[in-house]
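Reading through the structure tokens given below for one structure.
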Amino acid sequence: MPELPEVEVVRRGLHDHVVGRRIATVTVAHPRSIRRHAAGAADFTGRLAGRVIGAAQRRGKYLWLELVDAPASVATAGDDAVLAHLGMSGQMLVESHDSPDEKHLRVRVTFDDDGPELRFVDQRTFGGLSAHPLAPAAAGGLLPEPVAHIARDPMDPEFTLDDAVAGIRRRRTGLKRALLDQTVVSGIGNIYADEALWRAKLHWARPTETLTRAQGRAVLTAASEVMDAALAQGGTSFDALYVDVNGASGYFDRSLDAYGQVDKPCRRCGTPIRRDPFMNRSSFSCPRCQPRPRNAHV
DNA sequence: ACTCCGACCTGGTCGC
DNA sequence: TGCGACCAGGTCGGAG
């Protein structure tokens, strides 16, 4: 499942393979994949055709391609961008036009240089593409409108740990809920939340109102470190023409300490990792290293 | 204003 | 064997 490191791998692939190229045609094979483009498929394809991809940007799990008039032009306020969210199963593939269509091909973008095309493939259609004008954000930067409410992520050079800790401690909920709230800190999903909590020895239901500043720093630092490690591994397994979120999947087999490790011994203390139901999903934790607080939330 | 929860979606797996 | 239940989970909109 793509979280921040996987999306960054995709962003880098797009930077390498589509930035600077002029779009020729766009084909929407499944309308659900552009459902967030309110003006519909014809408007979406019309906004892209003929434009040049200026830069590949990312905030948290959202990524977008700026559209400009000519190669090497810099996008300014009012220029459109193609916004993408990979959802659960979205992939961006850069492939030769004669390679067979994927079963779940949703959107195809061709270029006027006859080079490889860009395909958005998404089995479960939780993800999608849309086009929006770029607008200056209050805190700086040029963002597509739907990204305006998303907080900076830990890989952002302007991310500040203490502000993020204050944001978490301001919430009145369980710690993991706060970590998953993309308006407080972005980029963290179920996998890296569980890994960060395990590293910081904190329980997922810990009430944020009793979290100390030091504990807040510890869990966010852990999240940042585990995502850095995943990116370092995910960025290596990638051939020239294939931009694929699955490139990062090898990380999960070797390096996860908590997520998905139910009944396996904790690598610190040997106690079997437990799985708890959490928000219609799962939380994995070590019952000894991460004891449930008496005043657990939810 | 803040918090919570259901719906969305498909393919693989498991139990009867 | 067949079939239904369940699981994976990020985001949004509406309810409280």
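The chains referred to below are lettered A, B, ... by the order of the sequence lines, with proteins before strands, and numbering in each begins at 1. Computed from a prediction, not measured in an experiment: that's the story for all the values here.
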Subject >> Connected hydrophobic set around A:V52, excluding itself, where side chains approach under 4.5 Å >> reply: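 Grouped by the 4.5 Å side-chain rule, A:V68 form the rest of the cluster around A:V52.
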With a 3.5 Å cut-off and no angle check, do the side chains of [X] and [Y] form a donor-acceptor pair?
{"X": "A:R32", "Y": "A:T125", "answer": "yes"}
{"X": "A:D276", "Y": "A:W204", "answer": "yes"}
{"X": "A:R206", "Y": "A:Q215", "answer": "yes"}

Does [N] have OP1 or OP2 sitting under 4.0 Å from an N or O in the side chain of [X]?
{"X": "A:N190", "N": "C:dG10", "value": "no"}
{"X": "A:S282", "N": "C:dA8", "value": "yes"}
{"X": "A:R171", "N": "B:dT3", "value": "yes"}
{"X": "A:T173", "N": "B:dC4", "value": "yes"}

**OP:** Write out all pairs satisfying ring pair (Phe, Tyr, Trp, His ring centres under 6.0 Å) with one or both partners inside residues 127-161 of chain A, taking only residues at least two apart or from two chains.
**Re:** none
Original post:
With sequence neighbours left out, which residue pairs that include part of residues 70-102 of chain A fulfil the ring pair (Phe, Tyr, Trp, His ring centres under 6.0 Å) condition?
Top reply: A:Y62-A:H85
Spacing between [X] atom [atom1] and [N] atom [atom2], to the nearest angstrom:
{"X": "A:H85", "N": "B:dC9", "atom1": "NE2", "atom2": "C1'", "value": "15 Å"}
{"X": "A:L180", "N": "B:dC5", "atom1": "CG", "atom2": "P", "value": "14 Å"}
{"X": "A:L83", "N": "C:dG10", "atom1": "CG", "atom2": "C1'", "value": "14 Å"}
{"X": "A:Q182", "N": "C:dT11", "atom1": "CD", "atom2": "P", "value": "5 Å"}
{"X": "A:L175", "N": "B:dT3", "atom1": "CG", "atom2": "P", "value": "14 Å"}
{"X": "A:R32", "N": "B:dA7", "atom1": "CZ", "atom2": "P", "value": "14 Å"}
{"X": "A:D194", "N": "C:dG10", "atom1": "CG", "atom2": "P", "value": "10 Å"}
{"X": "A:D181", "N": "B:dT3", "atom1": "CG", "atom2": "C1'", "value": "10 Å"}

Any salt bridge linking [X] with [Y]? Criterion: basic side-chain nitrogen under 4.0 Å from a carboxylate oxygen.
{"X": "A:D181", "Y": "A:R171", "value": "yes"}
{"X": "A:K176", "Y": "A:D194", "value": "yes"}
{"X": "A:E102", "Y": "A:R119", "value": "yes"}

**OP:** Report the residue (A:R172 or A:T125) whose heavy-atom-nearest nucleotide on DNA chain B is the more 5′ of the two.
**Re:**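 So the residue in question is A:R172.
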Subject >> Along DNA chain B (nearest heavy atom to each residue), the more 5'-positioned of A:R170 and A:R281 >> reply: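 The residue mapped nearer the 5' terminus is A:R170.
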**OP:** For A:N280, answer base if it contacts any base atom (sugar-phosphate contacts may also be present), sugar-phosphate if it contacts only those atoms, and nothing otherwise; contact means non-hydrogen atoms under 4.0 Å.
**Re:** sugar-phosphate
**OP:** Give one of base, sugar-phosphate or nothing for A:R35, where a contact means two heavy atoms less than 4.0 Å apart.
**Re:**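 Nothing, no nucleic acid heavy atom in range.
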Please tabulate, one pair per line, each protein N/O and nucleotide N/O from nucleotides 3-5 of chain C that are separated by under 3.5 Å, including the distance.
none

Original post:
Given A:T110 and A:T25, is the side-chain hydrogen bond (donor to acceptor under 3.5 Å, both in side chains) satisfied, shown in steps?
Top reply: CA-CA 5 Å; A:T110 67; A:T25 65; 2.5 Å; yes
Would you tabulate the nitrogen or oxygen pairs shorter than 3.5 Å linking the protein to nucleotides 11-14 of chain B?
{"unit_1": "B:dG11", "atom_1": "OP1", "unit_2": "A:K103", "atom_2": "NZ", "d": "3.4"}
{"unit_1": "B:dG11", "atom_1": "OP1", "unit_2": "A:H104", "atom_2": "NE2", "d": "3.2"}

Check the interface with nucleotides 12-16 of chain C: list each N/O to N/O pair with the protein under 3.5 Å, or write none.
{"unit_1": "C:dC12", "atom_1": "OP1", "unit_2": "A:R36", "atom_2": "NH2", "d": "2.6"}
{"unit_1": "C:dC12", "atom_1": "OP1", "unit_2": "A:Y62", "atom_2": "OH", "d": "2.7"}

**OP:** Please determine if A:R21 forms a cation-pi arrangement with A:F111, meaning its NZ or CZ atom is less than 6.0 Å from the six-membered ring centre and no more than 45° off the ring axis.
**Re:**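 Yes, cation above the ring, under 6.0 Å and within 45°.
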**OP:** With side-chain hydrogen bond (donor to acceptor under 3.5 Å, both in side chains) as the test, would you mind laying out the steps for A:R275 and A:S282 before giving the verdict?
**Re:** CA-CA 6 Å; A:R275 172 190 178 279; A:S282 300; 2.9 Å; yes
